[in-house]
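Structure, as structure tokens:
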Amino acid sequence: MDQFSRTRQLLGNDAMEKIQKAKVGVFGLGAVGSFALEALARSGVGHLCLVDFDRVDASNINRQLLALHSTLDKEKAALAKARVKDINPRCKVDVHHAFINADSLPDLLEEDMDVVVDAIDGLNSKVNLLVKAREMNLPIVSSMGAGGRIDVSKVTTGDISETEICPLARVVRRRLRRRNVHEGIQT
């Protein structure tokens, strides 16, 4: 049986083929990135590029999919690859145990990525990724500040230029403007 038959039934053969040919970069594999990764793997994305420099810490267990007592002190990127392969053995997975900064990005971002998922906590790394991805005309989906929030009805999506209320989005928007990026990043 085709493990993606329900997705194929929901979206159709053409959409499923597009998903299976897609290449997605996931930057940051913590609270947001681990769940984004899970959804991508379970939807049948054919090629994932996973980037994270961190290891699992006990404080991650309450909110990160890869964090378990059995995975303490293990590299998140390696754990993520193993999880993806267990979900979808046919998925091609590239792993980069790397810190994201202006110097490392040329080796991490690839022109043939269909979408970039920004799930980075660090402000400088986040802004550097967003700027470089925009320079390369790569579609970006970026998470902003939801930590410590409990009212899911307040979650919204839209272009970075249209964000309101979120203090992180405000700072990111300000820094992006200084680097001549005003729109084109989905939050």
Side-chain angles (χ1 to χ4, degrees), residues 22-41 43 45 48-67 71 75-77 79-80 83 95-110 113-187:
K23 183 176 186 178
V24 179
V26 181
F27 290 75
L29 299 168
V32 173
S34 63
F35 283 91
L37 170 71
E38 183 89 358
L40 293 165
S43 69
V45 169
L48 291 164
C49 300
L50 311 177
V51 184
D52 199 303
F53 75 97
D54 206 3
R55 294 176 172 272
V56 173
D57 184 80
S59 68
N60 303 146
I61 293 174
N62 73 324
R63 67 191 183 286
Q64 297 181 16
L65 194 60
L66 302 169
T71 63
E75 291 180 3
K76 290 178 183 179
L79 292 168
R83 187 167 180 97
V95 171
H96 302 278
H97 182 78
F99 186 76
I100 300 154
N101 60 31
D103 294 331
S104 66
L105 279 169
D107 295 328
L108 301 173
L109 277 172
E110 300 173 25
M113 287 179 173
D114 293 293
V115 68
V116 172
V117 176
D118 160 36
I120 301 171
D121 290 339
L123 191 57
N124 289 332
S125 296
K126 178 182 280 295
V127 171
N128 281 323
L129 173 64
L130 298 175
V131 169
K132 186 65 176 172
R134 284 291 292 141
E135 286 174 2
M136 295 174 68
N137 292 315
L138 295 172
I140 311 158
V141 177
S142 180
S143 67
M144 291 295 146
R149 307 291 195 298
I150 57 173
D151 187 353
V152 296
S153 70
K154 303 285 185 191
V155 175
T156 61
T157 62
D159 192 88
I160 187 74
S161 64
E162 301 166 349
T163 56
E164 298 176 346
I165 303 170
C166 176
L168 176 60
R170 183 174 27 260
V171 174
V172 169
R173 189 174 55 245
R174 200 174 296 138
R175 288 189 181 199
L176 288 172
R177 284 184 186 146
R178 283 188 222 144
R179 294 178 66 182
N180 206 30
V181 175
H182 302 281
E183 61 185 8
I185 296 169
Q186 292 301 303
T187 62

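This chain uses plain numbering: 1 for the first residue, then up along the sequence.
Side chain of Asn128 to main chain of Asn101: no donor-acceptor pair is present (N/O by atom type, distance under 3.5 Å, no hydrogens or angles). Side-chain atoms of Lys126 come within 3.5 Å of backbone N or O of Ser143 as a donor-acceptor pair. Side-chain N or O atoms of Ser125 include none that pairs as donor or acceptor with a backbone N or O of Gly122 at under 3.5 Å. Under the 3.5 Å distance criterion, the side-chain polar atoms of Ser104 are matched with a main-chain donor or acceptor of Phe99.
Scored by the side-chain hydrogen bond (donor to acceptor under 3.5 Å, both in side chains) test, Thr156 finds no partners at all (sequence neighbours excluded). Partners of Glu110 according to the side-chain hydrogen bond (donor to acceptor under 3.5 Å, both in side chains) rule, which considers only residues two or more places apart in sequence or in another chain, are Lys23. For Asn180, the side-chain hydrogen bond (donor to acceptor under 3.5 Å, both in side chains) test picks out His182, with sequence neighbours left out.
Side-chain contact annotation: Arg55 with Asn60, donor-acceptor N/O pair under 3.5 Å absent. Side-chain contact of Arg173 with Ser161: a donor-acceptor pair under 3.5 Å is absent, judged by distance alone.
Taking a 6.0 Å sphere around CG of Asp114, one finds it holds more than 12 heavy atoms contributed by other residues, nucleotides or ligands.
For the pair Val116/Phe27, a side-chain contact is recorded, criterion being any heavy-atom separation below 4.5 Å from C-beta on.
Taking NZ of Lys76 as the reference point, atom CG of Asp54 lies at 4.0 Å (rounded to 0.5 Å). Within the model, atoms CZ of Phe53 and CD1 of Ile120 stand 10.0 Å from one another, a figure rounded to the nearest 0.5 Å.
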